[in-house]
Amino acid sequence: MIRLTDQPFDPGAELTRFCQGRNRTGAVASFVGLARGDDGEAAVLELEAYPGFTQGEVGKMAAAAAARFDLHEVTIIHRIGAIGVGDAIVLVLTAAAHRREAFDACDFLMDYLKSRAPLWKKEHGPEGSRWVEPTARDMADVQRWE
Amino acid sequence: MIRLTDQPFDPGAELTRFCQGRNRTGAVASFVGLARGDDGEAAVLELEAYPGFTQGEVGKMAAAAAARFDLHEVTIIHRIGAIGVGDAIVLVLTAAAHRREAFDACDFLMDYLKSRAPLWKKEHGPEGSRWVEPTARDMADVQRWE
Amino acid sequence: MAHVLLFGRLADVAGWRERAFDPAPATLFALKSLIADGDAGLAAALDAPGVRAAVDRTLISGDAALTDGAEVAFLPPMSGG
Amino acid sequence: MAHVLLFGRLADVAGWRERAFDPAPATLFALKSLIADGDAGLAAALDAPGVRAAVDRTLISGDAALTDGAEVAFLPPMSGG
């Protein structure tokens, strides 16, 4: 399941649902990205998507991960729009028979989201706003999988 | 927080709590181990601990992970006793500033739990019961960190 | 007519996010020149490393022919998560 | 007196989980011989690769002196998660 949403969501509620009713799945890995900042700040981040395009591209990544790591299921939820301090920005959930596949798929999907998903992130800080671009570390991380 | 429990628990409720009230944490990784089996089976697993010893040993591993990966927080919940199909056996939650540290700490802790935590796992299958011992893969996995 | 969308920092540099160019130029490269015409800052931003283009929601490497009514998006380096 | 605890498959092999040995032998190795006395299966299980011992809840490598009242646990290869 791939969902882009401009509303806050609860990663725990998603994990509860994701774990239910399984019997072949031995391993569920998850990653939650949270918005860092100072308490009391208004929106610290703004995420822009390309409507009609971003969701499909993220879906292609998820399908690639599912095939490569033999996943039973994958869920990605990504906030768009204005995001406050402490809010979940992204949630990736992966289910597999064994832990290595679940971990690697989750790690892989986060690396892809950081540098290949059509999303653009603007940080609002005390010194103004700036568009975030993938770091050298992000680029090196994603190349581990190629 | 380290908890051994003979009662079912909800990994999602733990994740919700773990994510709340954070502002320095950018990354929360988690792993849930689920009991595989056929629907309708009674207990498929039995986990034995050494009361008064296991919790402390797991706590030492968690402290080692917190220091090594610069974690903001770590939670480990481990079921003991009889476990039914689909139940969560273990939950590891790690919070860090960035994703690499959160992922690695979670991965590291699972590798340790699989082969170094004083817990003994008995599988009940159609052909009887057997004590599970770490596989060659488990031993290789844990050696990645040494 | 070509319908052009700018994302992220490209929209900030251009001062707009969405604009129609009528008639549509024959190629993506010709459209890019037209968009940046007289705006050296925008020309540089569109040619910056990592900027991709999508025509009718398909990522394009290099140049491409444009048909009338095409949706052309310019995508600066992506960063989700 | 030494209070002995067996875990996992060791308890299955021995047919008991907990037992007092009085008086306590002077060393861990002597206690191990006493426990397995006459039971070749249990002797082999206690000496199997990966079996650890803890004295008063501290993991021991090699032999160790035992004091009266010691709690001695024999731990087969561990596997949580």
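Computed from a prediction, not measured in an experiment: that's the story for all the values here. Proteins get letters first, then strands, A, B, ... in listed order; numbering begins at 1 in each.
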*Engaged part of A13(A) at the chain B interface, taking heavy atoms whose separation is under 4.5 Å*: backbone
*Measure the spacing between CG of L15(A) and CZ of F18(B) and express it to the nearest 0.5 Å.*
13.0 Å
*asked:* Non-hydrogen contacts under 4.5 angstrom with chain A: give the residues of residues 86-101 of chain B involved, or none if there are none.
replied: G86(B), A97(B), H98(B), R99(B), R100(B)
*Who among A29(B), C19(B), S30(B) has the most heavy-atom pairs with chain A under 4.5 Å?*
S30(B)
*When rounded to the nearest 0.5 angstrom, what distance separates CG in L34(A) from CD in Q20(B)?*
11.0 Å
*Is chain B contacted by the side chain of D107(A), its backbone, both, or neither, given a heavy-atom distance below 4.5 Å?*
both
_Does any backbone or side-chain atom of R17(B) lie under 4.5 Å from a heavy atom of chain A? Answer side chain, backbone, both or neither._
neither
*Answer yes or no: does atom CZ of R24(B) have more than 12 heavy-atom neighbours from other residues, nucleotides or ligands under 6.0 Å?*
no
